[in-house]
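Data block below; observations after.
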Number of protein chains: 2
Amino acid sequence: MERLTGRQQKILSLIIHEHIRSAEPVASNRLVTDYNLDLSSATVRNEMAFLTETGFLRQPHTSAGRVPTEEGYRYFVGNLMRNTTLPEDARRTISHQFYQSRNDISNWMHLAASILANQSKAASLVTSPHPEQVRFKHLELIATHNTQILCVLVLEGGEIHQNVFTTDEAVNQEDLSRISNSLSTLLCGKNRIEVHALTNPLTELEKSIADWLMLEMEQTENLTSGEVILDGLTNVLAEPEFVESDEARRALKLIEERTLLQDLISRSGFKDQTNGVQVLIGGEGTWDELKQMSIILAKYGLPGVATGTLGVFGPIRMSYGHSISIVRFLSSLLSDFVAEQW
Amino acid sequence: MERLTGRQQKILSLIIHEHIRSAEPVASNRLVTDYNLDLSSATVRNEMAFLTETGFLRQPHTSAGRVPTEEGYRYFVGNLMRNTTLPEDARRTISHQFYQSRNDISNWMHLAASILANQSKAASLVTSPHPEQVRFKHLELIATHNTQILCVLVLEGGEIHQNVFTTDEAVNQEDLSRISNSLSTLLCGKNRIEVHALTNPLTELEKSIADWLMLEMEQTENLTSGEVILDGLTNVLAEPEFVESDEARRALKLIEERTLLQDLISRSGFKDQTNGVQVLIGGEGTWDELKQMSIILAKYGLPGVATGTLGVFGPIRMSYGHSISIVRFLSSLLSDFVAEQW
DNA sequence: TTTTAGCACTCTCATTGTTAGAGTGCTAAA
DNA sequence: TTTAGCACTCTAACAATGAGAGTGCTAAAA
């Protein structure tokens with residue numbers, strides 16, 4: 001990694017800041033006048049030439065200002081950005097919005113996606129918390145019409161699955177309650193394999209119920225992530241660099257189709273930096289479709305028990321400091337919600 | 001309504017067909033050569049002049065071909081379009097895709113949105129089926145941790161709500177089961193007002209549970225539509241007329257924010273045409289933001305019991321025949337699913 | 001009366017030429 | 001080491017031009 005002088009770092013920071021604001025190449029003059037630099041534009045130009053040589057800036061054409069490269073953004077995020085935390089009042093406002101829905105997973109997922117999108121002015125995603133190992137909690141059988149049975153499976157952590165069975169002959173609610181009670185007490189807290197070992201079903205109905213609940217548990221376990229909520233897709237489209245080119249459209253299409261997300265979430269190792277928040281800038285050489293975009297991801301939940309992913313994606317020219325602090329804050333907030341229920 | 005000769009109708013149809021295909025103004029020549037018209041271009045020009053005068057076509061500029069007006073599309077949809085039904089094999093393929101998820105509302109809503117978007121090459125929406133009157137079906141209380149109680153409310157039709165209560169002291173599962181059993185038998189099939197009249201709670205816990213379930217029932221009842229699933233937003237953005245203008249972006253933004261949808265669904269009277277399918281062309285003078293877009297909506301479900309809405313929205317230059325037949329088919333398919341569960 | 005060939009007319013769009021100005025790199029002086 | 005000054009380059013905006021697309025109209029043909 002190149003070593004930069006304090007002044008070079010400052011100029012790089014200012015250029016990135018100004019470019020994020022204006023979406024245009026930044027001229028040496030603009031820096032001097034608008035940011036009260038105690039330097040002449042010529043000096044700034046010399047430094048800019050150096051930063052261009054070392055790969056942190058580039059020039060769209062000879063007589064244009066400078067634009068940060070991916071490398072430049074990466075250096076900025078890794079070394080220069082001051083580690084902003086969300087101001088106390090913003091935290092309070094956001095926490096307050098969750099007050100009503102803290103007990104309903106689906107609700108707070110949507111809310112989180114909406115807040116992420118609005119605050120970061122980019123697109124956002126939130127995946128449902130995914131348990132490492134699925135455990136049975138409770139089963140309920142409810143007679144609906146004469147031969148139809150609504151079957152509700154509650155997993156540890158409060159996740160709910162439902163299904164409707166049709167039987168050959170009518171079953172009354174008392175019988176159903178007896179079955180569900182015995183199964184519930186028998187299987188409570190058991191994982192998929194234990195459930196399989198314990199169920200020695202007698203009737204046709206019990207057999208199909210047992211089959212179904214093992215299927216649901218297996219599916220839930222194998223999913224890398226359950227539901228994926230997207231929001232703010234149109235925010236990204238409003239950005240000037242995406243108005244013309246259809247690169248963004250293609251990237252958004254991939255994201256809407258959820259194909260990239262799986263890949264992205266599983267391959268981004270979460271090995272590293274910035275306090276559990278992962279920053280992917282310009283596809284990092286791996287994802288060609290994301291050349292113009294950056295993605296900020298964080299896991300949330302209880303490690304080893306149940307985790308989900310949340311994050312924002314926007315133009316490479318995004319406000320990293322603010323976005324990262326939002327992502328980090330929501331990640332810890334949602335972790336609390338998960339901890340309450342698991 | 002103007003009276004058009006057969007030839008005029010045919011020319012209007014062909015122009016609309018060709019314009020939907022090419023997204024460009026249609027010239028008199030193109031019609032004669034590409035569609036083997038047994039007429040000269042001059043004759044076609046005369047008819048085109050007439051159709052322009054009567055308001056079905058317009059000319060972007062003097063030396064350009066013709067483009068259908070909103071009025072033109074409306075006449076086409078109302079009078080000229082042959083009432084296409086989806087081919088048998090397409091129906092079968094689609095039905096087959098639903099096979100696995102016919103019992104899970106959330107699943108089939110997503111699937112329906114995805115199929116609508118892909119088939120119509122436009123954006124799609126599906127709202128959850130909304131009961132006319134909410135009725136209690138079943139209540140289940142499950143002890144999770146020492147002082148936490150997971151509370152699952154099942155409404156008639158299979159809709160499920162959940163909440164977590166925290167009590168001052170630990171409660172055992174037997175007590176909870178007793179409470180939920182007695183409440184379930186007491187309240188089964190009752191609507192919100194009857195529930196209110198019947199609950200004369202004794203303990204603090206019972207009181208908060210009763211409060212909550214009445215709140216949920218009330219909220220569910222007051223919603224014009226519950227969950228709204230959107231899909232295929234990026235399909236619309238790929239259309240040439242939206243690449244440049246930001247009109248589409250604004251329209252999509254409104255739709256993403258769900259503000260327009262409520263208005264749209266409630267105000268579109270479903271008074272009319274095309275077998276329960278409602279076609280809104282170019283905002284119909286009411287919605288300015290939708291000048292360039294058309295919306296095809298249909299209700300599904302059991303009228304008077306529980307209904308939802310589904311549809312597609314795309315450029316005004318959309319393939320109405322195909323889209324309408326898809327919407328109609330899915331509407332009847334989902335109606336079957338609703339009928340099975342209510 | 002209806003259709004059509006022919007032609008003048010209009011408007012767009014792509015191309016070219018031109019110019020102002022934005023911004024740089026370099027040099028020589030401070 | 002910094003900076004003033006200046007030549008140089010490239011873009012973006014504008015005007016001028018011409019080809020071509022497509023029309024409307026007229027007068028002749030069916």
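We name chains A, B, ... by the order of the sequence lines, and we start the count at 1 in each one. Values reported hereafter were calculated over all heavy atoms of this structure, with side chains retained and with hydrogens, waters and symmetry mates removed.
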Listed once per pair and sorted, the salt bridge (Lys or Arg N to Asp or Glu O under 4.0 Å) pairs that draw on residues 282-298 of chain A, sequence neighbours left out = A:Arg74-A:Glu284, A:Asp288-A:Lys291
With ring centroids as reference points, do B:Phe76 and B:Phe56 lie under 6.0 angstrom apart?
-> no
Set of side chain to side chain contact (heavy atoms under 4.5 Å, CB included) partners for A:Ser22, sequence neighbours left out | A:Glu18, A:Glu24
Please identify each residue that fulfils side chain to side chain donor-acceptor pair (under 3.5 Å) with A:Thr234, with sequence neighbours left out.
-> B:Glu256
Within residues 42-53 of chain B or reaching into it, pairs that qualify as side-chain hydrogen bond (donor to acceptor under 3.5 Å, both in side chains) - sequence neighbours excluded = B:Arg7-B:Glu47, B:Gln8-B:Glu47, B:Ser28-B:Arg45, B:Ser40-B:Thr43, B:Ser41-B:Arg45, B:Thr52-B:Arg66
Upstream residue (5' side of DNA chain C) when B:Pro60 and B:Thr43 are each assigned their closest nucleotide | B:Thr43
For atom CZ of B:Phe50 and atom C1' of C:dT3, their distance in whole Å | 17 Å
Test side chain to side chain donor-acceptor pair (under 3.5 Å) applied to A:Lys10 - qualifying residues, sequence neighbours left out | none
B/S/- contact track for nucleotides 13-30 of chain C, protein heavy atom under 4.0 Å | ---------BSBB-----
Hey, does A:Arg30 reach any base, or is it just sugar-phosphate, or nothing, if we go heavy atoms under 4.0 Å?
-> nothing
Taking CD from A:Glu24 and C1' from D:dC10, how many angstroms apart are they, rounded to a whole number?
-> 16 Å
Measure the distance from CG on A:Asp38 to C1' on D:dT1 and round it to the nearest whole Å.
-> 14 Å
For DNA chain C, what dot-bracket results from Watson-Crick or G-U pairs at under 3.5 Å, with [ ] for crossers and | for inter-strand partners?
-> ||||||||||||||||||||||||||||||
Residues pairing under salt bridge (Lys or Arg N to Asp or Glu O under 4.0 Å) where one sits in residues 31-42 of chain A, two or more places apart or in two chains, turn out to be A:Arg30-A:Asp34
Would you please name every residue forming a salt bridge (Lys or Arg N to Asp or Glu O under 4.0 Å) with B:Arg250, sequence neighbours left out?
-> B:Asp246
When rounded to whole Å, the CZ to P distance for the pair B:Arg58 and C:dC11 reads 17 Å
